[in-house]
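In what follows, a structure is listed as structure tokens, so that the remarks can point back to it.
Lettering follows sequence order; numbering is per chain, from 1.
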Number of protein chains: 2
Amino acid sequence: MSAIADVAKLAGVSKATASRALSGKGYVAEPTRLRVTEAAAQIGYVASPNAASLVTGQTKNVGVVIPFINRWFFAEVLEGIEEALLDRGYDMTLYNLSADSPDRGRIFEFFLARKRFDGVIAVGVEMSADETARLHSLGKPVVGVGGPLPGIHTIGIDDVATARLATEHLLRLGHTAIVHIGGRQAEQMDFAVHGKRLTGFLEAMHAAGLPADGVFETEMSLPGGYEAGLRVLGDPRRPTAVFAASDEVAIGAIIAARQLGILVPAELSVIGIDGHEYADMFRLTTLEQHPRSQGTLAVELLMAEVGASDQLPTEPSHTLIPVDLAMRVSTRAPGTSAS
Amino acid sequence: MSAIADVAKLAGVSKATASRALSGKGYVAEPTRLRVTEAAAQIGYVASPNAASLVTGQTKNVGVVIPFINRWFFAEVLEGIEEALLDRGYDMTLYNLSADSPDRGRIFEFFLARKRFDGVIAVGVEMSADETARLHSLGKPVVGVGGPLPGIHTIGIDDVATARLATEHLLRLGHTAIVHIGGRQAEQMDFAVHGKRLTGFLEAMHAAGLPADGVFETEMSLPGGYEAGLRVLGDPRRPTAVFAASDEVAIGAIIAARQLGILVPAELSVIGIDGHEYADMFRLTTLEQHPRSQGTLAVELLMAEVGASDQLPTEPSHTLIPVDLAMRVSTRAPGTSAS
DNA sequence: ATGAAAGCGCTAACAC
DNA sequence: GTGTTAGCGCTTTCAT
């Protein structure tokens, strides 16, 4: 006998009434509702989401596709999503989609095709037209975090503008020997993040009439920043400031600087992008991009679409998260020491 | 019409045969099987796991309960689990169970009660007798990572022994002024990890006939290690070696050391526990505890139980992951400089 | 080796 | 307001 039948019997009502009482949908007399909820509590009844999904089509589950778990920005977005989802009674199913792994195909063709979710959040995943089409054909809403994606609602920062902002901050302090350490252009992340941040840097330098020949490529990670930092700063004609394409790269570079006996920020200003919680510790200036809130916002966007699935789809938009210079600014004018 | 009915019609067989052909269970003539799989491929058929679960009770989904996503050890375990699960065609549903948040109750009483999974992996979560009982009553296998849990299979490292090993390594190098930086005893993590690692330290110091009064408590994180590092190393009578209760604390301490102009490892040896991938960069000696493999192993254990659910339950065991001194040893004898 | 029919646990029409 | 009935899409006896 189905579980809800037990509840119904115990409360002396029909399954239908029990269902209505428990789900809050449809008319149920208050005393009846009470008897049912009590009966449910007594047996410890929890509805089988499978059975419910089968008939309603709603799964109370959201799929998240993400390329990394163990990278600060992504982990943070994930925590934001998870918390927001939990609040709404949703489960989160995680698909760790390594950039160009052979699993990518399987995830789209098999895992996602199972439609175990009411919607999908793609974090930092640039989907091909084919992939978005496939997702759309499932008839489930999709939102993206990280960059514009044709046909779906997305949020993210303006990478070019952010990079320009960071560079301009250094310029404003009087730095002229500025170097950019960024991800390798040959191994772009999705949404060409490496390229966009480089572009912003170049734009700012050109606008200031400065040569922009100080561009160093490395892996977009802490060890990558470290490695590049050693290269950049080992040279006696080293720059007075570094704009790193991510906080992780920036921190790696700072570690390298200290390794070489260079004081940060007294002898070298470093600025990154992310608003990393460790920035203070490393004396790092960073631009705040609120990864946690990006996760929360993505959930809100998705929920709006989940609820309004029968409405006309609104024009897909790309919402830009405002990026601001974090309070913990510790960059200095060149040659300046203590604050 | 149900999707499998479409496949069946296209292949000219009954739903039952189509199901058998697709699932591989039951007798199907080879040519028939072929016709069915082709038909399925043609329509792009993927079985609805909801409907299947409803009748089989199998969900092809595993729930993971974990206190942090954004901490290196946990993120790494998670990636290991996710990969192993994906290989087996399983989905992973994540429950981010913050230590003592009010959500904890909700997760056990509501989310987990929904039984959307064939099993649960609890990572670094010490469950109360009540909680394990509740989980058991769902009739789904559970395995734990991090410490022994009564009644279920678990894996983890021997925290006391590992801490002793780390301390002994420093003693063997000739250090006598050794300090322990660990998590606050008042805010234990689950499984009393802080306490156990402290115990191992004290045991080794006592065995060596040394006073063990150098114990500093802080938050078990990178900033925590930094803060404690400043305290410990600011004192002119500073130690020659630090045993940190985790790599994150160790790295924080090293950052503090460099901030204070102390060279690591030339002037200060630091040892941690985790086998953190960033250890090299920080010149950190660390004990390898293979977090990724712990995730993989947990999945293997769980799968064994999922498959053999009708067998007699084997006696729950706690498997100790061997911990070894990572190759990247850079600790030094006191007062020693370059290698 | 294949098909017909029952039913997993629930919700949604539709009657009353 | 409440009960009756008919499925949701699949797997699984049980016949054949």
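One interatomic measurement links the two molecules: NZ of A:K115 to P of D:dG9, which rounds to 9 Å at whole-angstrom precision. Straight-line distance from the CZ atom of B:R116 to the C1' atom of C:dG9: 14 Å, rounded to whole Å. Distance, B:Y27 OH to C:dA1 C1': 10 Å, rounded to whole Å. Rounded to an integer number of Å, the gap from B:L54 CG to D:dT12 P is 12 Å. Rounding to whole angstrom units, CZ of residue B:R33 and P of C:dT2 are separated by 12 Å. Rounding to whole angstrom units, NZ of residue B:K9 and C1' of C:dG3 are separated by 17 Å.
For the residue pair A:E76/B:N70, the side-chain donor-acceptor check at 3.5 Å is satisfied. There is no side-chain donor-acceptor pair under 3.5 Å between A:S293 and A:T296.
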- Message: Go through it in stages, so that I can follow the logic: the residues are B:L10 and B:Q42, the test is side chain to side chain contact (heavy atoms under 4.5 Å, CB included), and I'd like the CA-CA distance, side-chain angles, deciding distance and then a yes or no.
- Response: CA-CA 9 Å; B:L10 187 59; B:Q42 192 177 324; 4.0 Å; yes
- Item | Stepwise side chain to side chain contact (heavy atoms under 4.5 Å, CB included) check, B:F117 with B:K140 | CA-CA 8 Å; B:F117 40 75; B:K140 307 283 184 187; 4.2 Å; yes
- Per-nt protein contacts along nucleotides 10-16 of chain C (heavy atom under 4.0 Å; B base, S backbone sugar-phosphate only, - none) come out as BSBB---
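With the end axes of the helix from C:dA1-D:dT16 to C:dC16-D:dG1 each set by five pairs, the angle from one to the other reads 40° at 10° resolution.
A:M127 and A:L149 make their closest contact through CE-CD2, 3.6 Å (heavy atoms, listed as atom of the first residue, atom of the second, distance).
The pair B:R116-A:D91 counts as a salt bridge, with a side-chain nitrogen and a carboxylate oxygen less than 4.0 angstrom apart. In this structure, A:D103 pairs ionically with A:R106, as a charged nitrogen and a carboxylate oxygen lie closer than 4.0 Å.
Both cation-pi conditions hold for A:R71 and A:F68: the charged atom is under 6.0 angstrom from the six-membered ring centre and inside a 45 degree cone around its axis.
Residue B:T32 has a polar side-chain atom (N or O) positioned under 4.0 Å from OP1 or OP2 of C:dT2.
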